[in-house]
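Working notes for the structure below.
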Amino acid sequence: MSQDPVIAQKGPFRVELEEGKKYAWCRCGRSKKQPFCDGAHKDTDFTPLMFVAEKSGNHYLCGCKHTRKPPMCDGTHNGLEEEA
């Protein structure tokens with residue numbers, strides 16, 4: 001079962017992360033707590049991406065779920081087609 005992620009937002013989520021803290025980034029795009037996982041992926045093949053923040057401060061996490069550098073935004077959203 002192959003599914004595409006839902007585009008939660010066509011742009012990054014600016015979030016404050018704490019160095020050394022573990023986070024669960026939503027890969028499926030269905031979470032109501034974007035950009036973090038709330039378990040909404042349970043009926044999909046997706047799982048959250050667990051990561052530890054390397055430094056404290058503002059970071060830009062991917063909202064389109066198509067980044068090539070998860071969980072960080074790499075600008076991929078700029079090349080996505082508008083959804084009809």
Side-chain angles (χ1 to χ4, degrees):
M1 169 196 246
S2 177
Q3 298 175 349
D4 289 328
V6 172
I7 297 173
Q9 172 174 295
K10 265 194 90 179
F13 288 94
R14 180 179 165 204
V15 294
E16 179 86 18
L17 300 180
E18 183 181 325
E19 182 178 350
K21 186 174 177 183
K22 185 188 258 188
Y23 296 91
W25 176 68
C26 170
R27 289 188 210 212
C28 72
R30 292 165 174 79
S31 174
K32 300 290 186 221
K33 295 185 178 187
Q34 289 294 334
F36 302 109
C37 178
D38 69 359
H41 63 272
K42 70 177 185 152
D43 294 327
T44 73
D45 291 337
F46 290 98
T47 57
L49 173 69
M50 303 304 293
F51 73 99
V52 176
E54 294 180 11
K55 64 180 184 176
S56 294
N58 288 320
H59 296 271
Y60 295 89
L61 301 186
C62 177
C64 75
K65 311 304 176 182
H66 288 81
T67 182
R68 291 176 296 278
K69 297 182 179 185
M72 301 304 173
C73 176
D74 68 356
T76 298
H77 60 272
N78 291 317
L80 295 177
E81 294 293 321
E82 289 293 328
E83 303 231 339

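- With rounding to the nearest 0.5 Å, the separation of OG1 in T76 from NE2 in H66 is 9.0 Å.
- The CZ atom of R68 lies 10.0 Å from the SG atom of C62; values are rounded to the nearest 0.5 Å.
- Judged as a side chain to side chain donor-acceptor pair (under 3.5 Å), not a single pair has a partner in residues 17-27 (not counting sequence neighbours).
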Report task. Please step through side chain to side chain contact (heavy atoms under 4.5 Å, CB included) for the pair C64 and I7, ending with a clear verdict. Result -> CA-CA 4 Å; C64 75; I7 297 173; 4.0 Å; yes
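- Side-chain heavy atoms closer than 4.5 Å link hydrophobic residues (I, L, V, M, F, W, Y) into clusters, and following such links, even through other members, never connects M50 to F36.
- Note that the NE2 atom of H59 and the SG atom of C73 stand 14.0 Å from one another [nearest 0.5 Å].
- In the hydrophobic cluster analysis, where Ile, Leu, Val, Met, Phe, Trp and Tyr join through side-chain heavy atoms closer than 4.5 angstrom, V6 is grouped apart from L80.
- For the residue pair K32 and D38, the shortest heavy atom distance occurs at N-OD2, 2.8 Å.
- To the nearest 0.5 angstrom, Q34 atom CD is 4.0 Å from C26 atom SG.
- Every residue two or more places apart in sequence or in another chain was checked for a ring-ring contact (aromatic ring centres under 6.0 Å, His included) with F46, and none qualifies.
- Note on M72 and V15: same hydrophobic cluster, where clusters join Ile, Leu, Val, Met, Phe, Trp and Tyr whose side-chain heavy atoms are under 4.5 Å apart, directly or indirectly.
- By the 6.0 Å contact criterion, CD on E16 is enclosed, its count of non-hydrogen atoms from other residues, nucleotides or ligands being greater than 12.
- Heavy atoms only, all atoms of each residue included: D74 and K69 are closest at OD2-N, 3.8 Å.
- Distance check, rounded to the nearest 0.5 Å: CG of L61 to CZ of R14 gives 12.0 Å.
- The ring-ring contact (aromatic ring centres under 6.0 Å, His included) test applied to Y60 returns no partner, not counting sequence neighbours.
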